Amino acid sequence: MPTAFKTQTDRPARKSDMNLFADFEIRIKNALETIDIVKEKRSEVDFGRVTVEPPRDQSHGDVATNAAMVLAKPLGTNPRALADVIAAALRNDPDVSEVSVAGPGFINIRLSTGYWQNVLSSMIKAGLSYGRSTMGEGKKANVEYVSANPTGPMHVGHCRGAVVGDALANLMDFAGYDVTKEYYINDAGSQIEVLARSAFLRYREALGETIGQIPEGLYPGDYLVPVGEALAAEYGSRLHNMPEDEWMPIVKDKSIEMMMGMIREDLDALNVHHDVFYSERTLHANGAQSIRQAINDLTFKGHVYKGTLPPPKGQLPEDWEDREQTLFRSTEVGDDMDRPLIKSDGSYTYFAADVAYFKDKYDRGYDEMIYVLGADHGGYVKRLEAVARAVSGGKAKLTVLLCQLVKLFRNGEPVKMSKRSGNFVTLREVVDEVGRDAVRFMMLYRKNSEPLDFDFAKVTEQSSDNPVFYVQYAHARCASIYRQAKEAFPDLDTDSLDLTAGIARISDPNEMQLVAKLAEYPRIIEAAAQAQEPHRLAFYLYDLARFFHAHYDKGRKTPELRFVKDNDRELTIARLGLVRAVASVLKSGLTITGTAAPEEMR
RNA sequence: GGUCCCAUAGCUCAGCAGGAUAGAGCGCAGGAUUCCUAAUCCUGAGGCCGAUGGUUCGAAUCCAUCUGGGAUCACCA
C-alpha cells in the first residue's frame, strides 16, 4: 500500500470505546505508570511500540501484550523479569482473572466471566452499531473508484475495483470518516468522438440504411443500437443532413448520457452506488477554465516550464518528435519524468485534466483522497502523488490503491477477451451468472495487491465453495434459532424482550470463546479501515462464521449447549442474546461488504 | 532497460506495523445426521515461508542483492 503522505509514526488513537483491546491498551499503560523502574526512567521510555492484541492461540488467554519485551531494553532489565512485575500490577484489575507470563516475555491476560458478560451485554444493546468507530474523527474522505470510460458497458475487469472501492468506502464510513463515493467520468477526449461516430452509424442504421460491417476503429458492440434508435426517434432524419460539427455535440451528449445510464444500471446490479459523478467535460468547459486555472496555479508555484523530454526508452514510436512543450516538473515532487500538459494540437492532455480534477477535490476540502485503480494504471501512481504534492504543497493525503488484475476462467480454461471485437465478458453477465453476493465476496476475499483468478465453474457449480454462502448460512442459522425458540415458547416476544437480563447464564467456556471472537470486531473494523484493506473484514466474517458453526454443532452431541432449551426459558433467552450478537455482527459486516444477510437459505 | 506488484501446504490464499508450536479453504484419508437447517461439524496426513546476506533479544513479516511470474513505460484516455 502506497503511503506517500502518511507518516508511519502518527498512529491515530483507537477511538471505539467498544474495542476491548484499546480499552486494555489504556489499562496496561496505566499499570505501567505505577511500576517503579518505569517511573524512574519515564522520560526515556516510549510506550508507542506496546501492542495489545488477541493471542495467537485462545488457550493462551484473552488478551496478550508485548510490553515487557519492548520495554526491557530501554529499562535495562530482562523481559521475563519485567513481565513478572507488570503481571503483578495487572492482577489488581478486578476484570482480570488471571495473568501469566509465557515464551520470551508475553503477558497473557485472562478476563473474568463477568467482564465478558458485560461485553456481550453492550454488544446486544449496541445492535447493528456495535463496532462503529469514531477513529476517522469525521474527516472528509473521497474514495474514487470504477471511473470506467462511458464508451460501453462495464466489463468484468472493472468489477474488482468497483467492489473494493465500494466496500472500502463503506468500511471507512463505519470507522468514522465522512466519506464521499465518487466516479470520474472520462467524457472528454478522442474516445468520445469515436463513440459518437459509432452511435451515428447506428443512427443511420435505425433510419433504415444498411451499414454493413462496422468499420475498423469504431465500437462494434450492439449496445449502441439503442442509442441510434433513440436518436432516430428524437431527431428523425435531421441529424443526417447536418455537417459533422453540428451533429457531433448532439450525438456525444446522447451517447454519454445513455452509456452512463447503462453503467449505472450495471453498478446497481453489483450494489455499487456513488454519491458524485464528476464529469471530465466540466473541466474543459468555458474554454477549459478549470484546467487553465490549475495550470496557472502550478505555474505560480513554480512547477511548470517549457522544455523538451528525452525520447522514450526502448522502442521509439514512429511519430516521435523532439519538440518543446509545456511540462509539469513532476520530477521535483517524486515522479520519474516530467509530464506534458499540452498536446501538440494545443489541447490539454488527459493528465492536465487530472491535475485540475485533483485541485477541485482538494478545494472541496477533502482530508483524504483515495484512488482505486487497476494494476494496469500502476505507472500512473507517482504522477498522481506528484500532483497531490505540488497542488497542496504536501498537505494532501492521497493514496492509490492498486487492484491486481482479474483473470477469468471457465472450467479451468482462460476466457479470452478482446475489446476491439466487442467480444468481452461484461460485468452484467458475471453478476447474472454467479450472483451479486458471490461476485462481491469473491472480490473481497483476497488482498487487493494479489492477482485474482475468477473461475465461473468454481463460483457457481460448487456454490458452497464461495465463502459468502458460508457466512450467510451462519446468519440464516441465527434466524432459524429464533424461529425455533418461538416454537418452543410461543408467547416469547423476541423483538421487545430484554436479551441482556439473563446474561449471567452465559458462562460456558465454549460460549465465551464465541463472545471473544465477537469482541474482535471493533478492532478489525479499525485496523481494516486504517490499513485500507477491506479484505480483512471478509476474512474476519468467515472466521466468525466458523466459530459459530462449530459452536452450533457442539449442541448436536452436547444438548446442554443448544441455544434453545425447551425446559429452561431463562437460559434460552440469555442464549438468544448471544445469537442476536452474532447475527448483528454478521449482518453489520455483510452490509459493509455490500452483500445480503438472508434470514434463511434453502 | 526503468518503475510498481507478487512468491507461504498438491491447488487457491490468510498471516493483523517484527513475537509464542506458521493458519484456513479446496483436494486427499477417515468419521459425525432418531438431535436448534449436514450449504454444517470433528480427526488425520501434508511447509527449507523463492534464494543469499544484513538489522536484533526475536524475521514469513523490515533492508540489500539475486531468481522467477505479472503490470506498465512521451504526444492515448
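Because the structure is a prediction, the values reported are computed rather than measured. In what follows, chains are A, B, ... by sequence order, proteins preceding strands, each numbered from 1.
In terms of phosphate contacts, Arg546(A) brings no side-chain nitrogen or oxygen within less than 4.0 Å of OP1 or OP2 of rG25(B). The phosphate of rA77(B) has neither OP1 nor OP2 within less than 4.0 Å of any side-chain N or O from Tyr348(A). Contact annotation: Lys557(A) side-chain N/O to rC41(B) OP1/OP2 distance is not under 4.0 Å. Side-chain N/O atoms of Lys447(A) include none lying less than 4.0 angstrom from OP1 or OP2 on rC5(B). At rC41(B), none of the side-chain N or O atoms of Arg556(A) fall inside 4.0 Å of OP1 or OP2 (strictly under the cut-off). Between rG15(B) and His535(A), a contact under 4.0 Å exists linking OP1 or OP2 to a side-chain N or O. Using a 4.0 Å cut-off, some side-chain N or O of Arg56(A) falls inside it from OP1 or OP2 of rA20(B).
Phe539(A) has its CZ atom 10 Å from the C1' atom of rG15(B), to the nearest Å. Distance, Arg477(A) CZ to rA39(B) P: 8 Å, rounded to whole Å. For the pair Arg339(A) CZ and rC75(B) C1', the computed distance is 12 Å after rounding to whole Å. The nearest whole Å value for the distance from the OH atom in Tyr350(A) to the P atom in rA77(B) is 10 Å. The separation between Ile524(A) atom CD1 and rG15(B) atom C1' is 12 Å, rounded to whole Å. What separates CD of Glu599(A) from C1' of rA39(B) is a distance of 17 Å, to the nearest Å. For the pair Asp453(A) CG and rC13(B) C1', the interatomic distance rounds to 11 Å; values are reported in whole Å. Nucleotide rA17(B) holds its C1' atom 17 Å from the CZ atom of Phe21(A), rounded to whole Å.
When each of rU12(B), rG58(B), rC36(B) is scored by its nearest atom to the side-chain atoms of Val564(A), the top-ranked nucleotide is rC36(B). Listed nucleotides: rA14(B), rA20(B), rC36(B). Nearest to the side chain of His60(A): rA20(B). With rA7(B), rU37(B), rC75(B) as the choices, the nucleotide that has an atom nearest any side-chain atom of Tyr552(A) turns out to be rU37(B). If you check rA14(B), rA77(B), rU37(B) against the side chain of Gln484(A), the one that comes closest is rU37(B). When each of rU37(B), rC16(B), rU12(B) is scored by its nearest atom to the side-chain atoms of Ala476(A), the top-ranked nucleotide is rU37(B). Closest to the side chain of Lys73(A), from the set rC36(B), rU56(B), rA77(B), is rU56(B). With rC5(B), rC4(B), rC36(B) as the candidates, the nucleotide lying closest to the side chain of Arg562(A) is rC36(B). Here the side chain of Tyr542(A) is nearest to one of rC41(B), rG25(B), rA39(B), namely rG25(B). Comparing rA17(B), rA39(B), rC75(B) by their closest approach to the side chain of Ser344(A) singles out rC75(B).
Classification of the His155(A)-His158(A) ring pair by plane angle, with boundaries at 30° and 60°, yields tilted. Below 30°, between 30° and 60°, or above 60°: for His551(A) and Phe563(A) the angle between ring planes is above 60°, a perpendicular geometry.
With both ends at atom P, the span from rC13(B) to rA7(B) equals 10 Å, rounded to whole Å. For the P atoms, the distance from rG1(B) to rC66(B) is 11 Å, rounded to whole Å. Comparing rU61(B) with rA22(B), their C1' atoms sit 11 Å apart, to the nearest whole Å. The separation of rG54(B) from rG18(B), taken at their C1' atoms, amounts to 15 Å, rounded to a whole angstrom. With both ends at atom P, the span from rC48(B) to rA32(B) equals 34 Å, rounded to whole Å. Comparing rU3(B) with rA20(B), their P atoms are spaced 34 Å from each other, to the whole Å. With C1' as the reference atom, rU55(B) and rG68(B) are 26 Å apart, rounded to whole Å. Going from the P atom of rC6(B) to that of rC63(B) covers 11 Å, rounded to whole Å.
Summarising the geometry, atom CZ belonging to Phe489(A) is positioned 10.0 Å from atom NZ belonging to Lys565(A); distances are rounded to the nearest 0.5 Å. Taken to the nearest 0.5 Å, the OG1 atom of Thr65(A) stands 6.0 Å off from the CD1 atom of Ile107(A).
Nearest-nucleotide assignment on RNA chain B puts the 5′-proximal partner with Ser480(A), out of Pro310(A) and Ser480(A). Heavy-atom distances to RNA chain B give each of Ser449(A) and Phe563(A) a nearest nucleotide, and the one nearer the 5′ end belongs to Ser449(A).
For the pairing with Tyr278(A), the ring pair (Phe, Tyr, Trp, His ring centres under 6.0 Å) check across Phe358(A), Tyr357(A), Tyr183(A) returns one residue only, Tyr357(A).
Remark: Arg477(A) fails to qualify as a cation-pi partner of Phe548(A) under the 6.0 Å distance and 45° angle criteria applied to the six-membered ring. Judged by the 6.0 Å and 45° rule, Arg339(A) forms no cation-pi pair with Phe328(A).
Remark: rA45(B) base-pairs with no nucleotide in the shown strands. Criterion, Watson-Crick or G-U wobble with two distances under 3.5 Å. The partner of rU40(B) is rA32(B), by the rule that a Watson-Crick or G-U pair needs both atom distances under 3.5 Å. The partner of rA71(B) is rU3(B), judged by Watson-Crick or G-U wobble contacts that both fall below 3.5 Å. Base pairing analysis places rC13(B) opposite rG23(B); the two distances defining the Watson-Crick or G-U wobble pair are each below 3.5 Å. Nucleotide rG53(B) forms a pair with rC63(B), judged by Watson-Crick or G-U wobble geometry with both contacts under 3.5 Å.
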Step-by-step ring-ring contact (aromatic ring centres under 6.0 Å, His included) determination, Tyr542(A) to Tyr470(A): CA-CA 7 Å; Tyr542(A) 186 89; Tyr470(A) 185 85; 4.5 Å; yes
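Closest of all the heavy-atom pairs between Val585(A) and Leu544(A) is CG1-CD2, 3.6 Å.
Between the side chain of Asp553(A) and the base of rA32(B), no donor-acceptor pair under 3.5 Å is found.
Base orientation at rA17(B) is syn, since its O4'-C1' glycosidic dihedral falls within 90° of 0.
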